[in-house]
Structure formats: structure tokens, C-alpha cells
There are 2 protein chains.
Amino acid sequence: MPYDPSAFPPFAVTVDLVVLTVRRHALCALVVRRGEPPYEGKWALPGGFVRADEDLTSAAARELAEETGLHAHGTDSGLPGAHLEQLATYGDPGRDPRMRVVSVAHLALAPDLPSPTPGGDARGARWAPVDELLGVGDLSRYADDGNKSSLAFDHEQILAAGVERARSKIEYSSLATAFCPPEFTVGELRRVYEAVWGVVLDPRNFHRKVTGTPGFLVPSGGTTTRQGGRPAQLFRAGGATLLNPPMLRPEV
Amino acid sequence: MPYDPSAFPPFAVTVDLVVLTVRRHALCALVVRRGEPPYEGKWALPGGFVRADEDLTSAAARELAEETGLHAHGTDSGLPGAHLEQLATYGDPGRDPRMRVVSVAHLALAPDLPSPTPGGDARGARWAPVDELLGVGDLSRYADDGNKSSLAFDHEQILAAGVERARSKIEYSSLATAFCPPEFTVGELRRVYEAVWGVVLDPRNFHRKVTGTPGFLVPSGGTTTRQGGRPAQLFRAGGATLLNPPMLRPEV
DNA sequence: TCAATAGTGTCTCTCAGACAGTATGGT
DNA sequence: ACCATACTGTCTGAGAGACACTATTGA
């Protein structure tokens, strides 16, 4: 088959975002309420069209900034940053009933934001616990329209992929620090791991592990007592991106 | 921004394939020679347009079958199978000088084929060692056209991503068996790891490790002497997909 | 004083790497 | 005989899990 650029089928290309954060000991994702059909009134992942002159990463970063006010790391600005990476691409015919849409899903990891959803447009937006969105152990959420999902389109599948990526990636990389503010304690970092994995970790072994892994954490000098109890040392993320040896997720 | 399906910019969507195999102790990728501009005469990854009624995985499986005669696992047929998974999506404006093309790259892992490139169309196709294509340690491959790559478009970047995915994935999954024929020996599996990672492994520790990992290998009963020396037991791939504990890549 | 969290030390078991030694085929 | 490869066993050191113990704050 010759490569004939004039005879291609028409596609729309969008980016969808799985934006994760840790709020009140739970892993949460950003969802927006749809204001028009199809799936009007349902919750969906934020996203939008890729513009004609824009690469995929830029489109995802732009959508992230529009929805949350966060800027992707690498985007130079004094604003709060988030980790952003490409996740996977979804392009089944019929995933959007209106036309053929190929969506390049991205994963963003953000620290807990002071205000729930600053910026963003007028649509309703909220942080929802992923366990709720993915219906963990919930068999009574079958809607009337036959869509068993609590999210529009194939967004539940995309969210599940993003959550699984985050869960596995904090094992062998220092990405868990992307959920933390610039300065954080070992205990706060442990609570991130516990929320993302849904487990409880031994504080003493965890402390030995993360402080002993070279390049993971660097002490910033200060201490804090915001958790109560003995004041804890404050750390920043170190330069290491890949952890060796990795953090081990229990009960595998 | 309202979601207006009638106002989308025009995109073409293609699939590109990183097809890897192990031949004569080297990790090799399938490349085809371009018969038309741009990059006429250069080597490129196989690929093609996604059809209007076809999902992305089907398009990749179709291209794989057209180019190699291999069928993706899951595609029911008596034909030789290969592992196929989505890799990443490349959509920079200008990556194709003719128009805006978004390419969903896929990774395929195949056993060494008896005939170099059965099936496929009339264009030249070959298995090339990835070290050669990626120009490891080669600074003299700067072409006249300013493209420092030995491959067309951004295919060197895509190939590098595919190779890195394969290298890391055989650590924690049983995917290395996708490079082997249905029955294989521990020594043949070890040579796969050595070729993909570019290292030498201790045969005794490797044997202990793979035979001790539950679900990785199941003995098929037979033995073979095709490598010379004492006859070796033949194995098939076991049911396990995730290896626990993982194989460890030396010199990390 | 007690409760809560931070941080250190110690023991044990698993497992990876190094490598000796035995088994069994081909030439 | 000799070589090549397959396979088994043993030692050692690194590190994870379990958990006792001490340190330092606020209520």
C-alpha cells in the first residue's frame, strides 16, 4: 500500500488527562462534569483537541494548566509544578458516538492543591477518590443507559491504566515526590505510598529505606511539627529519578 | 472550550511497528526501504494508515502480518505468533513534512524466523542489528541531508523507545519467551537475555533463577542436543506473565 | 503524665553473585 | 581422551520484614 497522504481517513485527535493527587489519605483523580451530549451530566476526564500547530505534550500541558493552574515540570515558570507523561492512546471506532476520535491519554501527578480546582472553566470539577470512580467492590452502580461505568466514554479504562501506571512507577522511580509539596517529611512521603498502594507500611523500615537510597531525598535543613509528635526533618526530592534498589510493594 | 466535533484540525493517524527478534546473538529490528520521498532510499520502520473502521491494535496486527507473516498473540490462527503491545504515540507537527501525521507506535517481539522476511510487499526489508541502527558508538554516520539518524522521520527515536521497553520488560515479565520458539532450552533463553541486554550472564545462576521462578517455565518432557554438549531439557513458557522476584539486569 | 510521631538498632530469612564440582552428550 | 554444555551445591554479603527501644514534641 503506497503512503498516500491525500487519501487518509478523517480523524480527530484529542488529549485526555488522568490527573492524580493524594488528598486526605486517598488517591484522587480530577474529573469534570459534561455539559452536553453524549454522556451529558456524567463525569469525565479533562481533555480537549490537539491544535494544528501543537505537539501532543504541549497540548496535554496546556489542558493541565487550563484545568488546574498547574504547570508541567520543564515548563519554566514560578507556578506550582506537576509531573506529566504520556500514558497510552485510545482509538477504537465508536468510542465517541459522534465521530472517529483518537485520544492520547496523559498522566499527571500533582501535590494536593490548596483550593480544590483553581482556574479551569465554568464546568463543575472535583477531586474524586479513584476507588469510588473505579467502583472498587461496588456492584450496584449499573446505570440505566447500560454503561456500567461511572465515567463517560472509555474514561474508566483510561483512569484504571493511569492509576496502575502510577502504582507501579513509584516502585522504581522517585515519582512519589511529585505528590508532595517542595519540602516534605519522611512521614508525609510514606502516607503518599500508603494512599497510592492502599496498604500500611512499617514507618521504621520505610524511614531506613528512603533515607538510605542514594539520591532519593536530600535534607533541606529545616524541621516541622505539623503532624504532631516529635519534629520531623524536612527533605526535598533528590536528583535520582530511578531508584536502586526499588521500593517494594507488599503483598505482590 | 466546547467540544465541537465539526471544527477539528485534520490529522492522519498511522501505526508504526518496532519488530524485534534475536538473530545470531544480536537484537535485531525489522526495517523497510522507502521507495518514495521524503527520505527516499532510507530505511524506516514498517507501518501504515489506520483504516476508518479499524481499532489501533487491529491496524498494528494487520501491518505486522503483512510485513512478516506473524500473527499477534490473541489472533486465533495456527500461524506463528508474536507478542504485540502499544508503545507510545508520536505527533510532533513537522515529523512528516507532507502533513500532520500522528503515529501510534507498537512493539512486537518475535522468534527468529526461518526465512528472513516472508510475506511483505515488494520493497526491500531486512533485519538489522539495533546497535547498528541506533549508531552505538558511531560518530561518523552524519548524512549530507543533516539528519543524523540512519532511519527516516523520527523512527530512530521510536526504535530506541521500543528497545528500551523490551530491555526493561524482560526484567519483570516472562516476555523473553516471546523471542523463543515454542520449545526452548534454558541456554537458549539465557542467550536471549544476553543479546537483548548486551551482557554475559552466569549460566549456573541463570539456570537456578529461571527454573526456580514459579510459573516462568514448564518442562515439556523432551530434550535436545542442538547446542552441543550434554542434552538440555526442553521447556515451554509457563502461565506467569509477571515474574516475582524479577530477573536482575547486571551493572545497574 | 500520656499520646503521638520521629528516628535507631538488631535479628533473621531470602536471595543474588561467585564459583567448585558432577553429568552427559559429541568429536 | 577431551571438550562443550547442562545441571547441582555451597558460601557470602546485601537487603527486606519484624519489632524493641529511644527521642522530642504537644495536650
Side-chain angles (χ1 to χ4, degrees), chain A residues 25 170-172 176 180 183-195 197 199-236 240 242-252, chain B residues 25 170-172 176 180 183-195 197 199-236 240 242-252:
Chain A
H25 281 216
I170 64 173
E171 290 189 60
Y172 57 88
C180 296
E183 291 198 330
F184 53 89
T185 69
V186 171
E188 288 163 353
L189 183 63
R190 175 170 47 82
R191 280 179 275 277
V192 164
Y193 274 91
E194 291 178 334
W197 285 344
V199 297
V200 286
L201 299 173
D202 185 293
R204 299 155 297 184
N205 291 336
F206 184 87
H207 188 282
R208 168 165 47 96
K209 187 68 196 292
V210 297
T211 55
T213 299
F216 195 3
L217 301 181
V218 291
S220 71
T223 60
T224 183
T225 182
R226 58 176 169 255
Q227 299 290 339
R230 171 175 166 180
Q233 228 183 322
L234 284 167
F235 293 88
R236 296 176 183 281
L242 257 41
L243 302 182
N244 194 286
M247 304 294 298
L248 286 190
R249 192 169 164 182
E251 180 67 23
V252 182
Chain B
H25 281 216
I170 64 173
E171 289 189 64
Y172 58 88
C180 296
E183 291 198 332
F184 52 90
T185 69
V186 171
E188 288 163 353
L189 183 63
R190 175 171 46 83
R191 280 179 275 276
V192 164
Y193 274 91
E194 290 178 334
W197 283 345
V199 297
V200 285
L201 300 173
D202 185 293
R204 299 156 297 185
N205 291 336
F206 184 86
H207 189 282
R208 170 165 46 97
K209 187 68 197 291
V210 296
T211 56
T213 299
F216 195 2
L217 302 180
V218 291
S220 71
T223 59
T224 182
T225 181
R226 58 175 169 253
Q227 298 291 340
R230 170 174 165 181
Q233 228 184 321
L234 283 168
F235 293 87
R236 297 176 183 282
L242 256 41
L243 301 182
N244 194 283
M247 303 293 298
L248 284 192
R249 194 168 164 184
E251 181 66 22
V252 182

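Naming: A, B, ... by sequence-line order, numbering from 1 per chain.
- Applying the 4.0 Å criterion to OP1 and OP2 of C/dG7, one finds that A/H207 has a side-chain N or O inside that range.
- By the 4.5 Å heavy-atom criterion applied to side chains, B/L217 and B/L189 are counted as neighbours.
- Close to C/dA6, at under 4.0 Å from its OP1 or OP2, lies a side-chain N or O of A/R190.
- Each of A/N205 and B/N205 has a nearest nucleotide on DNA chain D; the 5'-most of these lies closest to B/N205.
- As rounded to whole Å, 14 Å separates atom C1' of D/dA23 from atom CD of A/Q233.
- Remark: C1' of D/dG17 and CZ of A/R249 are 18 Å apart, rounded to the nearest angstrom.
- Distances from the side chain of A/D202 to the nucleotides D/dC19, D/dA6, C/dA6 place D/dC19 closest.
- Side-chain atoms of B/Q227 lie closest to D/dT5 of the nucleotides D/dT5, C/dG7, D/dC19.
- The CG-C1' distance, from A/N244 to D/dA16, rounds to 15 Å in whole Å.
- In this structure, A/L234 and A/T185 have side chains that are in contact, with non-hydrogen atoms separated by less than 4.5 Å.
- Along DNA chain C, the nucleotide nearest to A/T185 and the one nearest to B/G229 differ in position, and the one closer to the 5' end is contacted by A/T185.
- Contact of the A/F206 side chain with the A/M247 side chain is registered, since non-hydrogen atoms from C-beta on lie closer than 4.5 Å.
- Here the nucleotide nearest the side chain of A/A232, chosen from C/dG7, C/dG26, C/dG17, is C/dG7.
- A/E194 places a side-chain N or O within donor-acceptor distance of the main-chain N or O of A/L201, the cut-off being under 3.5 Å.
- In this entry the distance linking CG of A/L189 with C1' of C/dA6 reads 15 Å, nearest Å.
- Distance, A/L201 CG to D/dC19 C1': 16 Å, rounded to whole Å.
- Looking at the side chain of B/K209, the nearest of the listed nucleotides C/dA6, D/dA16, C/dA16 is C/dA16.
- Backbone-only contact: B/P245 has heavy atoms under 4.0 Å from sugar-phosphate atoms and none from a base.
- Between B/R230 and C/dT22 there is no side-chain polar atom (N or O) within less than 4.0 angstrom of OP1 or OP2.
- The separation between B/L234 atom CG and D/dA6 atom P is 11 Å, rounded to whole Å.
- Between A/E171 and A/L243, the shortest heavy-atom contact is O-CD1, 4.3 Å.
- Going from atom CG of A/L248 over to atom P of C/dT14 covers 16 Å, rounded to whole Å.
- The B/R204 side chain lies nearest to D/dG9 when the options are C/dG25, D/dG9, C/dA6.
- Residue side chain B/R208 reaches the base of C/dG17 through a donor-acceptor N/O pair under 3.5 Å, judged by distance alone.
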